[in-house]
Amino acid sequence: MDHNQGTPREPAVGGRAGFCWGRMLSVAKKEMLDSIRSRWLIIFAVVFAILALIISGLGMSGLGLAGYEGFNRVTAGLLNLVLYLLPLISLVMGASSIAGEREGGSLHVLLTQPIHTSEIVIGKFVGLSLSLTTAVLTGFGGAGLIMALGSGLMNVKDYVVFVLLAVVLVLVFLSLAILISVLASKRSQALGLGIFVWFALILVYDFMAIGVASLSAAGAVVPLLLLLLLFNPADMVRVLVILQLGGEATFGPTLAALTRTVSHGAGQWLLLGALLVWIAAPLALACLFFGRKQDY
Amino acid sequence: MGQKILLCCFTVIFLAAVRCGPLLAATYDILPEEGAGSLGHALESAEDGDSIIVHGGHYLGNVVLDKAVSLIGLDNPILDGGGKGDVLTVLVDSVTIQGFIVQGSGRSLEQANAGIRLKSARQALISDCQIMDNLFGIYLDRSSGNTIADNEIRGLWYERDTETSGHASDGTGDSHFFKGEIGDGIHLFAASENILNNNTISQTRDGIYFNYAHANQTMGNQISEVRYGIHFMYSDDNLFHGNMLTNNTAGAALMFSKRIRLENNVFAYSRGFRAYGLLFATCDYSVAEGNILMDNTRGIFFDTSRHNVFRGNLFYRNDVGLDLISSASHNLFIQNNFIDNLQQVAMPAGRVGDDNLFYEEGCGNYWDDYRGFDLDRDGVGDIAHKTGDPFTFLMARSPAVRLFLNSPAAAALEFSERMFPVVNLPKVEDPYPLTDPVKMEALEAVFSQNPAMARVGSERFADKRPLAGCSFLMLITAFAIYMWASSVRCNRVFKRISDFVKERVGTNG
């Protein structure tokens with residue numbers, strides 16, 4: 001907002017020519033302010049932190065021997081929390097952002113300003129990413145402190161990688177959500193579509209993939225699974241987290257070739273690259289469609 | 001008169017020397033400057049019960065002990081076989097060997113060349129030796145009642161590993177590279193009632209190999225980076241207590257043996273695609289109590305073994321806690337803790353096997369994935385625990401499914417199966433699941449004597465400060481982002497402060 005005050009106001013049509021970081025950040029800040037004012041950021045952060053704390057607290061086995069606590073249970077629990085909750089929240093928040101403003105009418109006002117459409121799209125994305133990252137960091141930070149004070153269940157490097165991958169998951173699903181939000185004509189439509197995507201990617205896709213994996217021909221299954229992995233960001237994040245926490249033997253001998261590929265050198269970059277594409281591509285498409293759209 | 005007394009004295013001394021000679025043991029000092037032959041000379045002239053003290057230095061050549069002497073090394077003298085035969089061979093009873101570095105045995109597996117070989121020798125004591133770079137460390141050939149304690153035995157693997165490092169990563173995922181021409185740390189052939197205590201063994205073929213060796217006592221040893229930490233073959237009635245077996249292909253392999261007692265041992269980090277914490281193959285009537293099986297690919301693998309009892313063990317963080325092949329029968333598992341295994345019990349054949357029971361007299365095991373309740377507060381869950389869900393079942397049938405470990409879909413499958421048990425899956429049933437873990441008090445005593453063993457569980461999390469620091473940093477970052485976004489309010493606060501300061505400064509000025 002401060003930036004707009006400083007620069008001379010250009011006509012709306014001409015002002016859309018270039019991409020300006022300042023204007024984008026203003027949109028992002030406004031988006032974050034909205035989420036702070038509407039209290040959902042606080043509520044989500046607190047709920048996420050409480051769930052993470054409960055999971056890490058329940059992991060203590062009470063065996064009386066130091067070090068033999070339920071490490072897998074905790075990580076599996078945290079992983080499931082991340083895989084269920086974060087995509088859902090990201091999709092719901094992202095889907096309702098642009099579609100919601102369009103329905104509320106505030107988008108019209110925003111578009112009369114000298115601001116590029118891509119600045120709005122990316123600004124919304126950055127603002128929501130920052131809000132959700134704040135919530136995730138609060139939750140994981142609190143849980144990490146409890147773990148460190150209690151049993152120190154987790155290796156610090158593993159934990160940091162876990163949190164980073166959780167943030168990446170948020171970014172991927174927010175990007176998808178923004179695309180949905182741009183495409184949908186109504187808020188309710190966007191929300192419905194978002195939940196459908198969540199259901200499809202988190203549950204249906206995996207069920208089908210499990211079906212593929214139980215095919216008997218192991219030679220054909222492994223490349224197919226790698227392909228299936230690349231097409232589902234949630235699965236990629238899960239596999240990367242498990243490889244980081246449990247090592248490559250976790251997935252067993254049959255998948256040794258796959259886990260080796262994925263956890264070393266080029267394969268690792270392939271997965272991280274795919275995740276980046278998953279963040280960038282939907283966002284780029286959203287910018288494109290939002291710029292072309294005539295009926296706001 | 002004086003001469004007479006002198007003569008008398010001499011006679012007495014002479015008689016005393018003659019009569020007491022064998023009783024008052026002579027002591028020979030061997031110095032390295034006198035050459036390696038001096039040790040042989042001393043052995044030739046020594047009598048039973050004499051002590052030979054060998055001072056620090058390098059002694060090349062094979063040594064044969066055929067008299068019951070005490071061979072004591074001062075300042076770690078090196079006995080070097082020069083790559084031929086056995087370095088030190090003991091042919092008689094009651095020999096003591098202490099404080100040597102024994103190295104350079106022959107490399108012939110046919111002759112089983114060893115650092116120290118006991119041939120039909122009894123009551124020998126071998127202690128505080130470092131036995132390096134030999135084919136076999138110590139070979140007990142039909143030798144019973146010996147004590148082998150506080151030795152350090154390292155095999156040939158290290159150099160072979162580096163030599164063949166190109167082949168080591170052959171994609172099998174085994175952490176070690178095996179080659180036939182390596183012997184065992186301690187090999188017992190038809191040797192019974194020996195005591196093997198507090199030895200450290202690494203990089204050999206098997207740590208301790210019991211072949212037709214009965215009623216031996218093995219306590220407090222640390223065995224790592226070998227094929228089988230302990231290998232029992234046709235060896236009955238052995239006691240195995242307080243040992244630590246880490247990073248082996250199999251911690252212990254019990255084959256064709258009976259009545260073995262395993263107490264308070266730690267079997268950890270046996271990783272690889274064919275690795276086991278504990279391998280039972282045709283091993284009957286054995287008892288395992290208070291052991292920890294941790295972070296192994298398979299905790300225990302059971303094959304054709306009957307009438308064994310597992311009580312109060314901890315299966316922790318294994319990929320598969322208990323791998324039960326249906327040819328195993330009549331085994332009893334009670335009061336064990338199954339914590340954090342990816343799969344608590346696997347049944348490759350699809351059934352539990354005859355009379356393998358997980359409860360006795362109203363007492364079962366502790367399962368950390370038990371989701372029942374205990375209304376009467378008697379420490380036993382009110383509904384039975386059944387291991388195995390559709391996902392683990394699928395995983396057993398086609399291992400590639402494992403890629404979807406911990407996925408929401410897997411959790412949904414498990415949940416739906418619990419709500420609507422339509423499919424009939426093979427399951428282990430424990431009608432008396434314990435609600436609290438079984439305390440392992442005996443282990444704490446072992447841990448207090450062996451701090452290295454106590455560290456095994458907590459190794460990964462030695463220092464908690466980085467985690468605390470990182471978590472704190474996360475909270476700070478979150479707070480910073482929050483403050484940045486709500487900086488409108490923030491600015492207002494700052495403005496109020498600066499106004500206040502200005503006011504104060506203004507009034508003062």
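Residue numbering restarts at 1 for every chain, and letters A, B, ... go by the order of the sequence lines. All of these numbers come straight from a predicted model, not from anything done at the bench.
Put simply, CG on N80(A) and OG on S407(B) are 8.0 Å apart, with the number rounded to the nearest 0.5 Å. Interatomic distance, CG of N406(B) versus CD1 of I242(A), reported as 4.5 Å (0.5 Å rounding). Note that the NZ atom of K157(A) and the CG atom of L467(B) stand 14.5 Å from one another [nearest 0.5 Å]. Put simply, CG on L475(B) and OG1 on T134(A) are 11.5 Å apart, with the number rounded to the nearest 0.5 Å. Rounding to the nearest 0.5 Å gives a distance of 13.5 Å between CZ of R402(B) and CD1 of I210(A). The distance from atom OH of Y482(B) to atom CE of M32(A), rounded to the nearest 0.5 Å, is 8.5 Å.
Counting heavy-atom pairs closer than 4.5 Å to chain A, the top residue among I481(B), L405(B), L403(B) is L403(B). With chain A as the partner, the residue from A412(B), A410(B), P408(B) showing the most heavy-atom pairs under 4.5 Å is P408(B). Ranked by heavy-atom pairs under 4.5 Å with chain B, the list V136(A), V204(A), L130(A), V241(A) is led by L130(A). The most heavy-atom pairs under 4.5 Å with chain B, out of D206(A), L41(A), I202(A), come from D206(A). Contact count versus chain B (heavy atoms, under 4.5 Å) is highest, among Y159(A), Y84(A), Y205(A), for Y84(A).
Residue V163(A) touches chain B through its side chain alone, counting heavy-atom pairs closer than 4.5 Å. Only the side chain of L394(B) comes within contact range of chain A, with heavy atoms under 4.5 Å apart. Of the atoms belonging to L145(A), heavy atoms from both backbone and side chain fall under 4.5 Å from chain B.
Minimum heavy-atom separation, S471(B) to G141(A): CB-O, 3.2 Å. Between F404(B) and A209(A), the shortest heavy-atom distance links the atoms CZ-CB, 3.2 Å. Of all heavy-atom pairs between A400(B) and A213(A), the closest is CB-O, 3.5 Å. What you find for V160(A) and C470(B) is that their closest heavy atoms are CG2-SG, 3.5 Å.
Looking at T138(A) and F479(B), their side chains never come closer than 4.5 Å, going by heavy atoms from C-beta outward.
Among residues 225-237 of chain A, the residues having any heavy atom closer than 4.5 Å to a heavy atom of chain B are, in sequence order, L225(A), L229(A), D235(A).
Partners of E441(B) by salt bridge (charged side-chain N to carboxylate O under 4.0 Å, His left out), not counting sequence neighbours: none found.
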